[in-house]
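In what follows, a single structure is set out as structure tokens and then discussed.
We count ligands from 1, going down the list as the structure has it; atoms in each ligand are counted the same way.
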Amino acid sequence: MGGLGIKTVENALKDIKKKYQIDIVTAQAENVSEGKGISYSDYIKLKNIGIDFFTGGNWTLYNQEIFNILNNPNEPIIRPANYPKDTPGLGYKYLKTELGNILFVTLLGQIVGRDSDKPIDNPLKTIDHIIESEKNNNKIATIVNFHGDYSSEKVVIGHYLDGKVAAVIGDHWHVPTADGRILPKGTAHISDVGMCGALNSSLGIKLPIIINRWRDGNKSRNELETVGPCQFNAVSINIDEKTGLAKDIKQINVVI
Ligand SMILES: [Fe+2]
């Protein structure tokens, strides 16, 4: 989330990668640049910091300068897969790694704040199509990012894909939930992984602005919090590349 989010990742990632013996890092990239989408330069910056793959959300298409890389199957960044067909960008891509190919997919939930009236395809049916169309492509794991608002839908998508994919990682709330676990058939799941950015803020935005909005109904522009302690929210998932399922999920929530 914004400049502090980038700084948090820059400061924390190296040690966390070492501590948890991380091979591949994926990050949500929809709120990176001023909280709105991601610029090309921030994409390069985060790649250099150590992010291997970037998932998408309701802000991904805000920045048109990244449409080229969203369209390029070799660039590790996607937008939600269940946008209408003529939408720029790709909703799923493979990341080639030394261990094998990993399929990444982002799905948008059916209720996502003020975007809820925008047309999207059904996420459950969309992932069915993707799994079916990609079943013969070599891969060691499929990672699904579910970007939604409703806890019910975020829980359901985990169970719906249990045993079919390595992980279903929810986000969009910027607040981590405490339900990270391995589901009965071997899929790692969490309803919401949280965010990286300002700790004493409302989802990364300065508190006075949001307090006035909720208390007095003030219509105001969001301003990112730029100072103070930061939170680094993530999960570490141990995947068995032979089965494509998860062995372990650990929540990593640290303040730096
Ligand atoms: Fe979002």
- prompt: Does a side chain donor of either Glu225 or Asn200 reach within less than 3.5 Å of an acceptor in the other side chain?
  reply: no

message: Do Ser33 and Asp42 pair up side chain to side chain, a donor and an acceptor below 3.5 Å, judged on atom types alone?
response: yes

- request: State whether a side-chain donor-acceptor pair under 3.5 Å links Asn218 with Ser220.
  value: no

- request: May I ask you to determine how many protein N/O/S atoms are under 2.8 Å from the Fe ion (ligand 1)?
  value: 4

- request: Say whether Arg79 and Asn71, considering side chains only, have a donor N or O and an acceptor N or O under 3.5 Å apart.
  value: no

- request: Would you kindly check if the NZ (Lys) or CZ (Arg) of Lys85 is within the cone defined by 45 degrees around the ring axis of Tyr83 and under 6.0 Å from the six-membered ring centre?
  value: no

query: Going by distance alone, is a donor N or O of one side chain under 3.5 Å from an acceptor N or O of the other, for Asn145 and Thr106?
result: yes

